[in-house]
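Given the structure is predicted, the values throughout are model-derived calculations rather than measurements. To find a chain, count down the sequence lines: A is the first, B the second, and so on, and within it residues start at 1.
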Amino acid sequence: MEAIPQSERKGRLEALAPELIDELSVTSGRSRDLPALPDADRGVVMRFAPNPSGPLHLGHARAAILNDYYVRRYGGRYILRIEDTDPRRVDPEAYLSVQEDVDWLGLMITDIVYQSDRLDIYYRCCRDLITIGAAYVCTCDPGRFRELRLARKPCPCRENPAEENLSLWQKMLDGEFVEGEVTVRIKTDISHPDPAMRDFSLFRIVNSPIHPRTDATVYPLMNFSVTVDDHLLGITHVIRGKDHIANTLRQRYLFDYFGWVRPHYIHYGRMSISGVVLSTSGMREGIASGTYSGWDDIRLGTLRALARRGIRPEAVRNAMLDISIGETDISFSWENLYAHNKAIVDPEANRYFFVPDPVEFMIRDAPIHEAKALLHPNDPSRGYRALTCRGSIVIPRDELAGNAKRSMLRLKDLFNVRIEETDGHPVLVYAGDSLEEARKAKAPIIQWLPAEEKLPCVLHGQEGDCTGFCEPRVAEEIGNVVQFERIGFARIDLHTACGIEALFLHR
RNA sequence: GCUGCUAUAGUGUAGGGGCCAAUCAUGUCGGCCUUUCACGCCGACGACUGGGGUUCAAAUCCCCAUAGCAGCACCA
C-alpha cells in the first residue's frame with residue numbers, strides 16, 4: 001500500500017472497490033501524506049520524550065503527533081520516554097499529567113521508559129567512555145572552562161590519564177564531590193568552529209532537590225542519556241524541533257565513540273504560538289500567584305486547557321499533520337485548528353439560545369405561543385426545545401441599540417415583532433407569524449428567551465466574560481459542546497447555584 | 001559576535017529545471033440553501049524575499065544580500 005503514491009490510490013481503489021471511496025474521504029479527514037521516511041519500510045521505532053515538568057502543551061503535541069503518525073504509517077514501536085534526569089525540572093505530579101495528556105491525544109504508545117530507572121546503565125556507559133580515553137573528569141571552574149573553550153584551549157584536566165579519570169569518576173559516584181565541583185566532559189574537537197561542540201559536559205552532580213524517584217546525585221546530561229537510550233532502545237527515526245540540531249551534532253560524537261549506528265533525524269522548524277501562555281515556568285508562577293485558576297485555565301496553551309474549552313484531540317492531530325514537518329519557522333494558526341475542530345463538533349453540538357447582555361420586553365398584543373426549535377437543524381430526529389412565550393421575553397441589547405433603521409425583528413422559531421417607539425423608549429409589538437413577511441422586511445432573525453424560563457449564564461472567553469441567560473435545558477449539557485445560535489460554540493463547564501458557566505470555544 | 005538552519009497567498013501547505021500566468025486547506029468577500037452570522041454548495045480574492053549567475057528553459061540549481069529562527073549551560 002505504501003508503495004503506491006497517494007495520488008494514485010484513489011484511482012486504484014475505485015477500480016477494485018468503488019463502494020469504499022466514500023469511506024476513504026470520511027475517515028481520513030485530511031488526505032495529504034506527510035513526506036516518506038528513509039529506511040522505514042520494515043517498520044520504525046520512534047519516541048516521544050517529554051521532560052516531566054508539567055502538563056503537555058501545544059508545542060509537545062506537535063512532536064508527539066508527528067512521531068505517532070509515522071509509527072502508525074509504518075508500524076513498529078512508539079516509546080514514551082520520560083526524561084527526568086534533572087531533579088530541578090521534575091514536578092512529581094507531572095508523571096501523571098503527562099500520562100493523562102498522552103492518553104487524551106490518543107498516542108499509540110507501546111512502551112514506557114523512565115530515565116531515572118536507568119542511571120546505572122548510563123554510569124556503565126560513561127565508565128566505558130572514560131576507559132577508552134574519550135571522556136575525562138573536569139575539575140575546572142565553569143567560568144574558567146568557558147574562557148578556555150572560547151579561546152580554543154584545552155583545560156588541564158583533558159590530559160589526565162584514564163586511570164586517574166576513572167578514580168575521579170568513582171569518587172563522584174561515591175559522593176566525594178558536591179554540586180558544581182566536577183563534571184564529566186567528552187573529548188571532541190577543542191578548536192571546532194562551533195564553540196557549542198567543544199568538550200561539552202556529559203554528567204554533573206545535583207545535591208538538591210532530591211529526585212522523587214531516586215536518591216542519586218550524579219546525573220547524565222541530556223546528550224548522554226539520549227544517545228545511550230536511542231541506541232539501546234533501537235530508535236530508528238527521531239523527529240524533533242530544530243532547537244535540537246546542535247544536540248544532534250553533539251550526540252554524533254558519542255555515537256562514533258561507542259561505534260553505534262545513528263538513527264535518522266528530522267528537525268522541524270520553530271512554531272510560534274500567539275495568544276496563550278506556553279512556558280511551563282510562566283504557567284506555574286501564574287497558577288501559584290492566582291493569576292490562573294490552574295493548568296486548565298482557558299488562557300493557557302496546555303492540552304488540558306484546550307480540552308476544557310472543547311477542542312478535540314482529533315482536531316489537534318489534524319492541525320499538526322497539516323503543519324507537517326517542514327524546517328521553516330511557522331506561526332501556529334488558531335483559525336486552522338478551529339476549522340478542524342468545528343468539522344468535528346458542528347454535527348454533534350446541540351443548538352441553544354444564549355442571550356448576552358439581555359433586556360426584557362413585554363410584547364404588546366402577543367399571543368401565547370410555544371416555539372419548537374430544533375436541537376440540530378441537520379438532524380430533526382434529535383427533537384426540539386420547547387420555549388413558551390407568554391408575553392415577556394429577553395433579547396440581546398444590541399439588537400435594538402445600534403441600528404435605528406430596523407423596524408422589525410423575527411424571534412427565531414416564534415413570531416415577528418415590530419419595533420415602535422413611545423416616549424423615546426422602544427416598544428415591541430406583535431407583528432404576525434409569517435416568516436415570509438419577516439424575510440420581505442429584511443428583519444434579522446434573532447435568539448430570545450421567555451422571561452420566566454431562563455437560566456443565568458456566564459460565557460467565559462479568553463478576552464473576558466459575557467453574562468446573560470441561556471435555555472434551562474443547557475443544564476443537561478454539562479461537559480458537552482453546544483452551539484449558542486448566532487454566537488458560536490461553547491463547552492458547558494459547570495452548573496452552580498449561580499447558573500451556567502460556559503467556555504467559549506470558537507465561532 | 002561565532003556556528004548552523006530556513007525563506008511559496010493573511011495562516012498552514014504542495015511543487016525539487018519545461019506539465020506552474022503555481023496545489024490543497026483555512027481565511028476574506030459575493031451568491032445559493034436555510035426560521036442561527038452554523039453546516040452544506042457555487043464563485044471570486046490572494047503568494048514564489050531581493051539581486052546576480054548557470055541553462056534553450058529557474059519557484060525549482062549556484063552565489064551574494066536581506067530577513068527570521070536556533071545553538072553557543074555542570075536544562076530538556
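One finds no side-chain N or O of A:Arg486 lying less than 4.0 angstrom from the OP1 or OP2 phosphate oxygen of B:U35. Within the 4.0 Å cut-off from OP1 or OP2 of B:G68, not a single side-chain nitrogen or oxygen of A:Arg270 is found. A sub-4.0 Å separation between OP1 or OP2 of B:C69 and a side-chain N or O of A:Ser272 is absent. Taking side-chain N and O atoms only, A:Lys342 has a distance below 4.0 Å to OP1 or OP2 of B:C39. Listed pair A:Ser331 / B:G12 meets the phosphate criterion, a side-chain N or O lying under 4.0 Å from OP1 or OP2.
In this structure, B:C69 forms a base pair with B:G4, meeting either the Watson-Crick or the G-U wobble geometry with both donor-acceptor distances under 3.5 Å. Remark: B:A21 base-pairs with no nucleotide in the shown strands. Criterion, Watson-Crick or G-U wobble with two distances under 3.5 Å. With a cut-off of 3.5 Å on both pairing distances, B:C33 has no Watson-Crick or G-U wobble partner at all. In this entry B:C39 has no Watson-Crick or G-U wobble partner, no candidate having both defining distances under 3.5 Å. The base-pairing partner of B:U26, taking Watson-Crick or G-U wobble contacts with both distances under 3.5 Å, is B:G10. Base-pair partner of B:A57: not found among the strands shown (Watson-Crick or G-U wobble, both distances under 3.5 Å).
A donor-acceptor pair is defined here as one N or O able to donate and one able to accept, closer than 3.5 Å; such a pair exists between the side chain of A:Ser434 and the backbone of A:Glu436. The backbone N or O of A:Leu374 lies less than 3.5 Å from a partner atom in the side chain of A:Arg385, making a donor-acceptor pair.
Among B:U35, B:U26, B:C74, the nucleotide with an atom closest to any side-chain atom of A:Glu335 is B:U26. Across B:A14, B:U26, B:A38, the shortest atom-to-atom separation from the side chain of A:Asn336 is found for B:U26. The listed nucleotides are B:A73, B:G27, B:U11; the one nearest the side chain of A:Arg146 is B:A73. Distance from the side chain of A:Arg250 is smallest to B:G71 among B:U36, B:A73, B:G71. Comparing B:U35, B:C37, B:G12 by their nearest atom to the side chain of A:Ile330 picks out B:G12. With distances taken from any side-chain atom of A:Asp86 to the nucleotides B:A76, B:U26, B:U35, the minimum falls on B:A76. Comparing B:U36, B:A76, B:G71 by their nearest atom to the side chain of A:Ala246 picks out B:G71. Comparing B:A38, B:U36, B:A76 against the side chain of A:Ile445 picks out B:U36 as the nearest. Side-chain proximity of A:Ala339 to the nucleotides B:U35, B:U26, B:A76 is greatest for B:U26. Here B:C74 is the nucleotide among B:A14, B:U36, B:C74 with the atom lying nearest to any side-chain atom of A:Thr183.
The P atoms of B:G40 and B:U49 are separated by 33 Å, rounded to the nearest whole Å. Here, B:G51 and B:A67 have their C1' atoms 15 Å apart, quoted to the whole Å. Across B:G16 and B:A7, the matching P atoms stand 14 Å from one another, rounded to whole Å. Nucleotides B:U8 and B:A59, compared at atom P, are 15 Å apart to the nearest Å. Taking atom P in both B:G4 and B:U60, the straight-line distance is 23 Å, to the nearest Å. Rounded to the nearest Å, the gap between the C1' atom of B:A14 and that of B:A9 is 13 Å. To the nearest whole angstrom, the two P atoms, one in B:C48 and one in B:A38, are 32 Å apart. The same atom, P, is picked in B:A47 and in B:U66; the two are 26 Å apart, to the nearest Å.
A:Gly180 comes within 4.0 angstrom of a base, heavy atoms only. A:Val182 comes within contact range of at least one nucleobase, with a heavy-atom separation under 4.0 Å. As judged by a 4.0 angstrom heavy-atom cut-off over every strand, A:Glu83 is placed among residues touching the sugar-phosphate backbone only. No engagement by A:Arg198 is indicated, since no non-hydrogen atom pair under 4.0 Å with the nucleic acid exists. Within 4.0 Å of A:Arg88, counting heavy atoms only, lies no atom of the nucleic acid at all. A:Phe489 comes within contact range of the sugar-phosphate backbone alone, with a heavy-atom separation under 4.0 Å but no base atom that close. At the heavy-atom level, A:Pro220 lies under 4.0 Å from the strands shown only through sugar-phosphate atoms. Using a 4.0 Å heavy-atom criterion, one finds that A:Pro50 contacts no nucleic acid atom at all. At the heavy-atom level, A:Pro193 lies under 4.0 Å from the strands shown only through sugar-phosphate atoms.
Rounded to whole Å, the distance from CZ on A:Phe353 to C1' on B:A38 is 13 Å. Following rounding to the nearest Å, A:Asn247 (CG) and B:C72 (P) show an atom-to-atom distance of 8 Å. For A:Asp194 and B:G71, the CG to C1' distance is 7 Å, given to the nearest whole Å. Atom pair A:Ile325:CD1 and B:G12:P shows a separation of 17 Å (rounding to whole Å applied). In this structure, A:Gln447 atom CD and B:A38 atom C1' are separated by 13 Å, rounded to whole Å. Distance A:Leu337 CG to B:U26 C1': 12 Å, rounded to the nearest Å. Regarding A:Met271, its CE atom lies at a distance of 16 Å from the P atom of B:C69, rounded to whole Å. Atom CD1 of A:Ile245 and atom P of B:G71 are 10 Å apart (whole Å).
Relative orientation of the A:His237 and A:His264 rings is parallel, given thresholds of 30° and 60° on the angle between their planes. Aromatic ring pairs are classed by plane angle as parallel below 30°, tilted from 30° to 60° and perpendicular above 60°; the pair A:Phe332 and A:Trp334 is perpendicular. Aromatic ring orientation, A:Tyr123 versus A:Phe203: tilted (interplanar angle from 30° to 60°).
Side-chain N/O atoms of A:Asp322 and base N/O atoms of B:U13 include no donor-acceptor pair closer than 3.5 Å.
Each of A:Met222 and A:Pro195 was assigned the nucleotide of RNA chain B with the nearest heavy atom; the assignment lying further toward the 5' end belongs to A:Pro195.
Distance CD1/A:Ile311 to NE2/A:His506: 5.0 Å, rounded to 0.5 Å.
Within the 4.5 Å cutoff, the side chain of A:Phe469 has no heavy atoms near those of the A:Cys457 side chain. For the pair A:Cys126/A:Phe224, a side-chain contact is recorded, criterion being any heavy-atom separation below 4.5 Å from C-beta on. Residues A:Pro444 and A:Arg410 have side chains not in contact (no heavy-atom distance under 4.5 Å, counting atoms from C-beta outward).
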Might you work through the salt bridge (Lys or Arg N to Asp or Glu O under 4.0 Å) test for A:Glu399 and A:Arg486, ending with a clear yes or no?
CA-CA 12 Å; A:Glu399 295 300 340; A:Arg486 306 210 308 142; 2.4 Å; yes
Produce the list of close N/O pairs, under 3.5 Å, pairing protein atoms with atoms of nucleotides 44-49 of chain B; give distances to one decimal.
none

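Cation-pi geometry between A:Arg213 and A:Tyr114 is satisfied (NZ or CZ under 6.0 Å from the ring centre, within 45° of the ring normal).
Looking at A:Ile186, A:Leu249, A:Asp189 one by one, the single match for side-chain contact (heavy atoms from CB on, under 4.5 Å) with A:Met197 turns out to be A:Leu249.
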